[in-house]
Amino acid sequence: MLGLILARAGVSVLVLEKHGDFLRDFRGDTIHPSTLEVLAELGILDDFLRRPHQKINFFDMQYGKERFRLADLTRLPTRCKFIALMPQWHFLDFLASHGRSFATFDLRMRAEAAALIYDDARVAGIRAHTPDGELEIRTDLVVAADGRHSTLRKAAGLRVLEVGAPMDVLWMRMSRRANDPGNTIGRFDAGQILIMIDRDDYWQCAFVIPKGGFDAVRGRGLEEFRARIVRIAPEMADRVGEIASWNDVSLLTVAVDRLSRWHRAGLLCIGDAAHALSPVGGVGINLAIQDAVAAANILVPAFRTGAVTENALHAVQSRRELAVRATQAVQVFVQNRLITSVLGDSQIGAPPLPLRLTARYPLLQRALGRLLAIGVRPEHVAVAAANS
């Protein structure tokens with residue numbers, strides 16, 4: 001996204017992708033209204049919506065035997081009053097195809113950033129591994145968007161602050177029937193949490209387990225794991241056999257952390273490289289995109305004046321850090337007050353008071369929907385296209 005916006009503004013950009021394609025399962029597929037607004041501001045929303053996707057208008061929750069509405073997105077002050085579900089590889093292909101429409105955009109596949117190049121204390125470029133050998137790239141600015149295990153932030157010696165996550169997530173899919181309940185459902189029962197995301201012809205399921213608990217789950221056997229799913233979602237009894245082996249289960253090791261400093265001279269970290277988020281709310285991809293928009297708004301004027309100073313890089317962090325800290329604080333609250341409690345309980349009681357109030361008052365459902373869909377500090381594209 002950052003490469004697309006910079007290239008649109010006339011800045012020469014080289015984007016490196018270490019794989020030969022974008023095809024990875026169970027990555028962030030939720031495109032929130034805040035991101036859809038950005039696509040509209042770039043003039044590419046209609047093209048996006050023509051591509052296959054599903055829509056989430058509501059989030060429902062089942063706590064023990066009680067089922068209720070948790071969040072309502074239908075009254076958002078945005079063009080799109082829904083979350084769009086699209087496999088991340090399709091979304092990345094979409095962004096890349098629009099990026100390639102600009103002469104200043106270059107995308108290199110199978111090029112893995114491996115090390116930083118320094119000019120005295122300033123980062124002056126990177127070295128990347130490619131099938132044709134090592135590639136040396138000199139540049140005015142390196143942007144590390146290489147995820148929560150970022151090679152580049154480690155090479156730069158940037159300090160990571162661990163916020164903490166008491167859980168991991170097992171992702172899998174099971175087929176969906178026409179008479180299955182609609183909407184995205186969070187199911188909470190004694191010792192178990194299962195999130196079921198409606199993907200039209202299948203359910204994308206997240207089974208939440210205590211931190212580091214995957215070996216124990218696997219040690220009890222696949223049959224017991226299937227039985228646990230059926231206990232919390234009985235209608236899956238005739239489909240749980242679709243989980244044929246542990247190869248059908250993907251482990252997400254959850255991390256919530258952030259850098260104390262997102263930059264050094266010549267280098268800026270954004271997205272998970274700057275702040276990893278929990279899957280709570282599915283907001284990670286959208287905060288990363290908000291980082292990209294804010295960075296473009298600040299960096300384009302700096303590029304046009306001929307120098308990207310550390311003050312400009314610090315301005316990106318200053319612009320985004322409050323939203324990151326607030327989002328992580330909400331996630332930690334949910335993790336500690338709800339998820340940890342449910343996973344540790346042998347019996348499920350009444351829903352906690354905040355959930356009971358949300359279930360009762362539609363205004364609270366809309367407020368929570370707005371928080372999930374738009375976030376704390378939405379960003380808007382402020383830099384014009386180079387030819388406008």
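As the structure is a prediction and not an experimental result, all values here were calculated from the model.
We find that Glu37 and Arg79 are joined by a salt bridge, their nearest charged nitrogen and carboxylate oxygen being less than 4.0 Å apart. Taking 4.0 Å as the cut-off between side-chain N and carboxylate O, Asp201 and Arg199 do not count as a salt-bridged pair. Using a 4.0 Å cut-off between charged side-chain N and carboxylate O, Arg226 and Glu224 make no salt bridge. Under a 4.0 Å N-O distance rule, the pair Arg148/Glu162 does not qualify as a salt bridge. The existence of a salt bridge linking Arg231 and Asp189 is excluded, since no basic side-chain nitrogen approaches an acidic carboxylate oxygen closer than 4.0 Å. Remark: Asp215 engages Arg218 in a salt bridge, criterion side-chain N to carboxylate O under 4.0 Å. Taking 4.0 Å as the cut-off between side-chain N and carboxylate O, Arg261 and Glu310 count as a salt-bridged pair.
Residues His32 and Leu36 fail the side-chain proximity criterion, which asks for heavy atoms closer than 4.5 Å. Inter-residue side-chain proximity for Asn247 and Val249 is flagged as unmet; no heavy-atom pair is nearer than 4.5 Å. Asp257 is not listed as a side-chain neighbour of Gln328, based on a closest heavy-atom distance of 4.5 Å or more. You'll find the side chain of Cys205 stays beyond 4.5 Å of the side chain of Ile195, heavy atoms only.
Hydrophobic cluster membership is shared by Ile285 and Met86, with clusters built from Ile, Leu, Val, Met, Phe, Trp and Tyr side chains linked at under 4.5 angstrom. Val376 is not connected to Leu364 by any chain of hydrophobic side-chain contacts under 4.5 Å among Ile, Leu, Val, Met, Phe, Trp and Tyr, and they are in different clusters. Taking hydrophobic clusters as Ile, Leu, Val, Met, Phe, Trp and Tyr residues chained together by side-chain heavy-atom distances below 4.5 Å, Leu4 shares a cluster with Met109. Residues Ile137 and Ile117 are members of separate hydrophobic clusters, defined by side-chain heavy-atom contacts under 4.5 angstrom among Ile, Leu, Val, Met, Phe, Trp and Tyr.
Remark: the Thr74 side chain and the Asn57 side chain contain no N/O donor-acceptor pair separated by less than 3.5 Å. Neither side chain, Asn311 nor Thr309, offers a donor N or O lying under 3.5 Å from an acceptor on the other.
Applying the ring pair (Phe, Tyr, Trp, His ring centres under 6.0 Å) definition to pairs two or more places apart or across chains, those involving residues 236-256 are Phe214-Trp246, Phe225-Trp246.
Other residues, nucleotides and ligands contribute over 12 non-hydrogen atoms within 6.0 Å of the CZ atom of Arg51. With a 6.0 Å radius and a threshold of 12 heavy atoms from other residues, nucleotides or ligands, Arg110 has its CZ atom at or below the threshold. Within 6.0 Å of CD in Gln347 there are 12 or fewer heavy atoms belonging to other residues, nucleotides or ligands.
Of the possible donor and acceptor atoms, none in the side chain of Arg366 sits under 3.5 Å from a partner among the backbone N and O of Asp72. Side-chain atoms of Asp60 do not come within 3.5 Å of backbone N or O of Ile185 as any donor-acceptor pair. Counting only distance, with no hydrogens or angles, the side chain of Arg320 and the backbone of Arg377 share a donor-acceptor pair below 3.5 Å. Thr35 places no side-chain N or O within donor-acceptor distance of the main-chain N or O of Ile31, the cut-off being under 3.5 Å. The main-chain N or O of Lys81 is never found under 3.5 Å from a side-chain atom of Lys55 such that the two would form a donor-acceptor pair. Side-chain atoms of Gln290 come within 3.5 Å of backbone atoms of Glu379 as a donor-acceptor pair (strictly under, hydrogens ignored). At least one donor-acceptor pair closer than 3.5 Å links the side chain of Asn297 to the backbone N or O of His380.
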Could you pull out all donor-acceptor pairs under 3.5 Å where a side-chain atom in residues 275-283 meets a protein atom, sequence neighbours excluded?
residue: His275; atom: NE2; partner: Asp291; partner atom: OD2; Å: 2.5
residue: Ser278; atom: OG; partner: Val280; partner atom: N; Å: 3.1
residue: Ser278; atom: OG; partner: Gln335; partner atom: OE1; Å: 3.2

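With rounding to the nearest 0.5 Å, the separation of CZ in Arg264 from SG in Cys269 is 10.5 Å. Going from atom CZ of Arg75 over to atom CZ of Arg370 covers 14.0 Å, rounded to the nearest 0.5 Å. Residue Arg50 holds its CZ atom at 11.0 Å from CD1 of Ile44, rounded to the nearest 0.5 Å. If you take CZ on Arg177 and CZ on Arg239, they are separated by 4.5 Å, rounding to the nearest 0.5 Å. Taking CG from Leu170 and CD1 from Ile229, the interatomic distance works out to 8.5 Å, rounded to the nearest 0.5 Å. Distance check: Ser97 OG to Leu107 CG gives 10.5 Å after rounding to the nearest 0.5 Å.
When all heavy atoms are compared, the tightest approach of Arg153 to Asp272 is NH1-O, 3.5 Å. Nearest heavy atom pair, residue Ser34 against residue Asn286, reads OG-CB, 4.1 Å.
Relative to the six-membered ring of Tyr202, Arg176 misses at least one condition, a distance below 6.0 Å or an angle of at most 45° to the axis. A cation-pi contact links Arg69 to Phe58, judged by a cut-off of 6.0 Å to the six-membered ring centre and 45° from its axis.
Ring geometry for Phe94 versus His98: interplanar angle over 60°, hence perpendicular rather than tilted (30 to 60°).
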